[in-house]
Amino acid sequence: MTTYLLVHGAWHSGRSWERVVPLLEATGHRVFAPSLTGYGDKVHLAGPKVGLDTHVDDVVRLITEENLDDVVLVGHSYAGLVISSAANRIPRRIAHLVYLDAMVPEDGESAVDVQPMTRRLIELAEQSESGWRVPPMPEQPAPFGLFGVTDPADIAWLRGMLSDQPVRCLRQPVRLDNPDVNAIPRTHIHNVGPRPAGVTRRPVPPVQPNGTAARVWELPTGHDCMITMPAELSQLLLKLA
């Protein structure tokens with residue numbers, strides 16, 4: 001039995017994995033898909049002091065309190081930063097890191113460094129009444145849709161789970177100063193459907209930090225593949241069991 005911990009991206013919640021969790025559990029695996037502080041059932045905890053470190057604490061606390069080991073830690077989008085810092089804190093509990101269409105940082109980088117378009121989102125948020133709320137990206141005409149989701153029913157479902165992202169999440173830097181984190185195998189899953197202008201993806205280095213060849217898989221869909229291609233995503237994740 002493998003333990004999967006699925007970490008949602010910015011603006012989303014743990015509900016975004018609802019189509020993936022039962023597919024992994026049906027094959028006998030243990031799956032956690034929590035909502036991070038400020039989202040889903042924890043939306044009431046959102047505030048200007050919530051940052052990347054808050055979300056790293058969420059993941060590390062769950063792993064330690066549940067006494068989880070050999071975890072396949074999956075981070076979607078912004079959560080690439082979260083899983084990186086979490087693995088840096090408790091590397092011996094992590095069996096595999098999966099970057100799902102995710103930000104892949106270097107030590108000391110923030111979301112602004114990895115995805116420069118976030119700088120403009122921060123500027124707009126700081127000029128708003130709240131000063132810290134970054135609203136979800138708006139729906140765009142096909143083929144982009146809402147985070148790559150184009151089916152009207154799916155868009156309505158997705159929109160119902162979205163909430164604002166605190167600026168601090170996008171500004172706090174990742175810490176990757178524990179050499180043990182480099183030994184953790186990594187897999188990158190790229191969603192290669194249409195991408196809105198300004199959204200970039202860094203090339204994956206051909207060699208992983210542990211010295212092995214990089215593993216990159218692709219799904220022919222938009223950003224939120226857990227909604228648009230849950231079965232195909234689950235099959236890829238099961239290869240890591």
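Residue pairs meeting the side-chain hydrogen bond (donor to acceptor under 3.5 Å, both in side chains) criterion with at least one partner in residues 227-241, sequence neighbours excluded, are Thr221-Thr228.
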Item to check | Criterion side-chain contact (heavy atoms from CB on, under 4.5 Å) on Leu238 and His29, from CA distance to verdict | outcome: CA-CA 9 Å; Leu238 288 170; His29 301 297; 3.5 Å; yes
Show, in sequence, the C-alpha distance, side-chain angles and deciding distance for Arg171 and Glu126, and conclude whether the salt bridge (Lys or Arg N to Asp or Glu O under 4.0 Å) test is met.
CA-CA 12 Å; Arg171 279 198 160 153; Glu126 291 179 334; 2.5 Å; yes
request  = Decide salt bridge (Lys or Arg N to Asp or Glu O under 4.0 Å) for Arg201 and Asp101; before the verdict, give the C-alpha distance in whole Å, the side-chain angles of both, and the deciding distance to 0.1 Å.
outcome  = CA-CA 8 Å; Arg201 179 191 290 126; Asp101 220 36; 2.6 Å; yes
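A donor and an acceptor atom, one from each side chain of Thr3 and Arg30, are nowhere located under 3.5 Å apart. Between Thr200 and Gln115, the side chains place a donor N or O and an acceptor N or O closer than 3.5 Å (distance only, hydrogens not considered).
Within a 6.0 Å radius of CZ in Arg119, no more than 12 heavy atoms belonging to other residues, nucleotides or ligands are found.
A ring pair (Phe, Tyr, Trp, His ring centres under 6.0 Å) with His12 holds for exactly one of Trp157, Tyr39, Phe147; it is Phe147.
Under the side chain to side chain contact (heavy atoms under 4.5 Å, CB included) criterion, Ala183 pairs with no residue at all, not counting sequence neighbours. Taking the ring pair (Phe, Tyr, Trp, His ring centres under 6.0 Å) definition, one finds that His96 meets it with nothing, sequence neighbours left out. In terms of the side chain to side chain contact (heavy atoms under 4.5 Å, CB included) criterion, residue partners of Pro135 (sequence neighbours excluded) are, by chain and number, Asp164.
Hydrophobic clustering, defined by side-chain heavy atoms of Ile, Leu, Val, Met, Phe, Trp and Tyr closer than 4.5 Å, groups Val216 together with Val204. In the hydrophobic clustering (ILVMFWY side chains linked at under 4.5 Å, chained through shared members), Val43 stands by itself.
Between Arg15 and Asp41, no side-chain nitrogen of the basic residue sits less than 4.0 Å from a carboxylate oxygen of the acidic one, so the salt-bridge criterion is not met.
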